[in-house]
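This report refers to the structure that appears directly beneath it.
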Amino acid sequence: MPLPETDLKKLLAMQDLCDRIIDQTKALAATQKAIRSLNKDLRKLESLYEKDWLSIVSDKRISGKDEAALAAAVKKGRYSVLGQDTIWNALQEAYQVQVALTKVLVKNLKV
C-alpha cells in the first residue's frame, strides 16, 4: 500500500533538505580552507609591513619606473601598497569579516 500523499511530500521535502545541507556543508568546509589561506596571507602581509614597508617607501631611490611597475600591478578598483591605508584597510577588513563570521557561527551553533 502506498504512503499517503502528505507523508510522501514530507519525505521528499526531507530529501531535498538533506541534499541541500550536504551541499552547504561541503561549501562551508571549503570556507575553512579559505580562512586558513587568508590568515596565512594576513600574517605574511603584517610581517612584511612591520619589517619592510617604511624603509622601502621612504627610500629616496624609488624611481618613476618603480612606481609605474607598482601601478601596473594594482588591480582595477584597488589601490597601491605605497599608500599605507591600503594595507591597513585590507588587514582591518579581513579581521572584521572574520569576527562577523565567528559571531554568526556562534549565534547559530546547533549541537
Side-chain angles (χ1 to χ4, degrees):
M1 175 161 113
L3 288 173
E5 185 67 25
T6 55
D7 288 345
L8 180 58
K9 285 183 180 181
K10 288 177 185 176
L11 287 174
L12 289 170
M14 289 171 63
Q15 183 64 52
D16 182 54
L17 287 168
C18 187
D19 289 340
R20 287 179 20 205
I21 288 169
I22 290 168
D23 292 341
Q24 292 167 1
T25 300
K26 286 180 183 178
L28 199 53
T31 301
Q32 289 178 331
K33 291 178 185 176
I35 290 170
R36 283 192 292 273
S37 177
L38 171 62
N39 284 327
K40 183 179 176 183
D41 289 345
L42 282 166
R43 286 189 299 275
K44 284 182 186 177
L45 182 57
E46 287 172 336
S47 177
L48 287 168
Y49 173 73
E50 289 173 4
K51 292 177 184 176
D52 300 313
W53 185 83
L54 185 59
S55 64
I56 293 172
V57 298
S58 62
D59 191 335
K60 303 293 185 202
R61 295 179 299 154
I62 294 178
S63 68
K65 186 177 179 180
D66 296 329
E67 289 184 15
L70 279 168
V74 176
K75 292 182 179 182
K76 186 176 180 172
R78 306 256 174 99
Y79 299 96
S80 168
V81 294
L82 289 178
Q84 189 174 16
D85 287 345
T86 300
I87 297 169
W88 176 256
N89 290 344
L91 294 172
Q92 289 305 305
E93 185 174 344
Y95 293 130
Q96 289 170 0
V97 167
Q98 288 192 58
V99 167
L101 180 57
T102 301
K103 287 179 181 180
V104 167
L105 290 171
V106 169
K107 181 179 177 183
N108 293 288
L109 183 63
K110 302 289 182 202
V111 197

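In this chain, residues are counted from 1 in sequence order. Everything numeric here is computed off the predicted structure, so don't read it as measured data.
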Do [X] and [Y] sit in the same hydrophobic cluster, where Ile, Leu, Val, Met, Phe, Trp and Tyr count as joined when their side-chain heavy atoms come under 4.5 Å apart?
X	Y	result
L38	L45	yes
Y49	V57	yes
I87	L54	yes

Determine yes or no for a side-chain-to-main-chain donor-acceptor pair under 3.5 angstrom, with [X] supplying the side chain and [Y] the backbone.
X	Y	value
S47	K44	no
T25	I21	yes
S37	K33	no

* Asked: Going by heavy atoms in the side chains, are N39 and R43 under 4.5 Å from each other?
  ->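 Sidechains of R43 and N39: in contact.
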Show which side-chain atoms of residues 64-77 pair as donor or acceptor with protein atoms under 3.5 Å away, not counting sequence neighbours.
{"unit_1": "D66", "atom_1": "OD2", "unit_2": "S63", "atom_2": "N", "d": "2.9"}
{"unit_1": "D66", "atom_1": "OD2", "unit_2": "S63", "atom_2": "OG", "d": "3.2"}

* **Check against side chain to side chain contact (heavy atoms under 4.5 Å, CB included), L8 and L12** => CA-CA 6 Å; L8 180 58; L12 289 170; 4.0 Å; yes
* Asked: Which atoms form the tightest heavy-atom contact between T86 and S80, and what is the distance?
  ->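 Taking T86 first and S80 second, the nearest heavy atoms are OG1-O, 2.9 Å.
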* For L42 and L91, work out which heavy atoms get closest and say how close. =>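 So the minimum-distance heavy-atom pair works out to CD2-CD2, 3.4 Å.
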Starting at [atom1] of [X], measure out to [atom2] of [Y] and round the result to the nearest 0.5 Å.
X	Y	atom1	atom2	answer
K10	D7	NZ	CG	5.5 Å
K40	I35	NZ	CD1	16.0 Å
Q96	L101	CD	CG	13.5 Å

* Could you give me the CA-CA distance, side-chain angles and deciding distance for V106 and T102, then say whether side chain to side chain contact (heavy atoms under 4.5 Å, CB included) is met? => CA-CA 6 Å; V106 169; T102 301; 4.3 Å; yes
* Does the side chain to side chain contact (heavy atoms under 4.5 Å, CB included) test come out yes or no for L11 and Q15, once each step is laid out? -> CA-CA 6 Å; L11 287 174; Q15 183 64 52; over 6 Å; no
